[in-house]
Amino acid sequence: MRNLIGRMIEATPGLVIAEKAMNGVFALQKIPRVNPDIIVLDLEMPEMNGIEFLKERKKLGITIPVVILSSIAARGAEITMEALSLGASDFIQKPSGSVSEDIHTVKDTLVGMLLGYGGQYRRSQGRKVVPAIDFTAKTITPLTSAKPGSISSILGVSGSAKPLVPVRKPAKTEIVAIGISTGGPDALRIVFANLDKDLKVPIVVVQHMPQGFTNEFAKSLDRLCPLDVKEAEDGDAILPGRILIAQGNKHLEVERRNGAVVAHLSDAPLVSGHRPSADVLFASVALVYQNHALGVIMTGMGRDGAAQLGTIYKEGGMTLGQDETSAVVYGMPRVAFELGHVQEQVSLEKMARRICDVAKAQR
């Protein structure tokens, strides 16, 4: 596994393997010497497993980001969420068990995470980030002609969008819809921990995450958020002060039923390469709430949510996008911004405050 993963990393411009270790003990010994920008960690290892490593990393004050790549992720959503609560940044499932010979199928996701989290860490250490990567494409493509450290946009998006003209003025916010992907687990923790406990507006969220994880993820967010957080189930009422997280592998929409607004889950085909898709959620929110909606697009690879955020804007709703500096991957929010669908760019640390202020404003 280390060799197969190593080959994928070595084949990517801008990524280099600092060192390999067969367990957590060896990893801790090697880290001070090789000083990596990011660590790829399995959870199942002899002598010192991934959870023990993360506890030790925390104790030693090591801040190098960690991405979990493990087969245990599929069985133990709880263990994976424990890893995230211990400071791991994100996780990927091995596609077919402990020894996955088809590990290449997760290459784009892994490479995107390594460049995103690793690049963010390098910048925080005052070091240059060399690779220029298109995080808005469906697959990760190195852009050799771009300047070092830059992230290029999709050709034809920048500067080519016609400005949207909203059909009505914004009214009082009655729902907040958030679309988020790579970098999301950390970002949502920060945002949700800082929401006002008296925020009387429902929040619906699409976070790209595999099936079987979103329930545990919602529970982990519920523990730190002053509002109620739960995994969305079909027919769940959209209630003030309640946050619903889309299920892995199910689209989440809002719809009116018998005078009330409820969550609707569906197995419809992938949209923008995803199920759940932020585009699907945003489109339904625009339809039901028109100018009473606040759409928020945050860190993530690709372009999911960018197009339909514009529908919320066009209907007279408000829109926020995470800024480039604070996004682990400035893909989704970048495309939305360049399409002219983002009214205001906000840093991660200010996002909770801004959401609360916009949602509470009288209009």
Side-chain angles (χ1 to χ4, degrees), residues 69 73-74 77 80 90-96 100 102-113 116 133-141 153-154 156-157 177-185 187-188 204-218 231-234 236 244-255 263-288 295-312 321 327-336 338-339 341:
L69 178 59
T80 306
D90 222 320
F91 70 95
I92 307 170
Q93 283 174 272
K94 285 184 189 170
S96 53
S100 291
D102 55 351
I103 193 79
H104 62 274
T105 59
V106 299
K107 179 182 176 181
D108 278 348
T109 310
L110 177 63
V111 162
M113 283 186 185
I133 295 292
D134 184 354
F135 281 125
T136 58
K138 281 218 170 81
T139 54
I140 303 297
T141 320
S153 67
I154 286 181
V157 169
I178 300 173
I180 190 165
S181 187
T182 312
L188 287 177
V204 282
V205 182
V206 161
Q207 157 74 64
H208 297 153
M209 199 172 265
Q211 195 168 4
F213 289 90
T214 39
N215 189 31
E216 284 300 329
F217 180 55
E231 182 189 56
E233 293 173 73
D234 198 63
D236 270 344
L244 294 181
I245 309 285
Q247 280 189 31
N249 206 29
K250 296 265 186 194
H251 286 306
L252 171 62
E253 297 173 86
V254 297
E255 64 177 37
H264 171 61
L265 306 189
S266 90
D267 297 315
L270 274 63
V271 174
S272 308
H274 295 281
R275 187 172 57 223
S277 159
D279 271 325
V280 169
L281 177 65
F282 289 162
S284 73
V285 164
L287 184 69
V288 173
V296 183
I297 193 162
M298 296 180 67
T299 177
M301 265 184 277
R303 50 190 307 151
D304 184 32
Q308 293 298 337
L309 187 73
T311 311
I312 292 177
V328 169
V329 177
Y330 191 55
M332 286 160 46
R334 182 186 192 116
V335 179
E338 290 185 344
L339 285 168
H341 297 171

ask   = Roughly how far apart are Leu69 CG and Met113 CE, rounded to 0.5 Å?
value = 9.5 Å
query = Roughly how far apart are Met298 CE and Met332 CE, rounded to 0.5 Å?
reply = 9.5 Å
Can you see which heavy atom on [X] is nearest to which on [Y], and at what distance?
X	Y	result
Leu110	Ile92	CA-CD1, 3.5 Å
Gly179	Ala278	CA-CB, 3.8 Å
Ile245	Ala218	CG1-CB, 4.0 Å
Ala336	Leu309	CB-CD2, 4.0 Å
Asp304	His274	CB-CD2, 3.8 Å
Ile180	Ala187	CD1-CB, 3.9 Å

[X] side chain vs [Y] backbone, donor-acceptor pair below 3.5 Å:
X	Y	result
Ser277	Asp279	yes
Thr299	Thr182	yes
Ser284	Val254	yes
His341	Ala306	yes
Ser266	His251	no

ask   = Tell me, which pairs form a salt bridge (charged side-chain N to carboxylate O under 4.0 Å, His left out) where one or both residues lie in residues 263-276, sequence neighbours left out?
value = Lys250-Asp267
message = Does the plane of the ring in Phe213 sit parallel, tilted or perpendicular to the ring in Phe91? Use 30° and 60° as the thresholds.
response = tilted
Side-chain touch [X]/[Y], heavy atoms, less than 4.5 angstrom:
X	Y	result
Glu216	Thr80	no
His264	Asp234	yes
Leu252	Leu265	yes
Thr214	Gln207	no

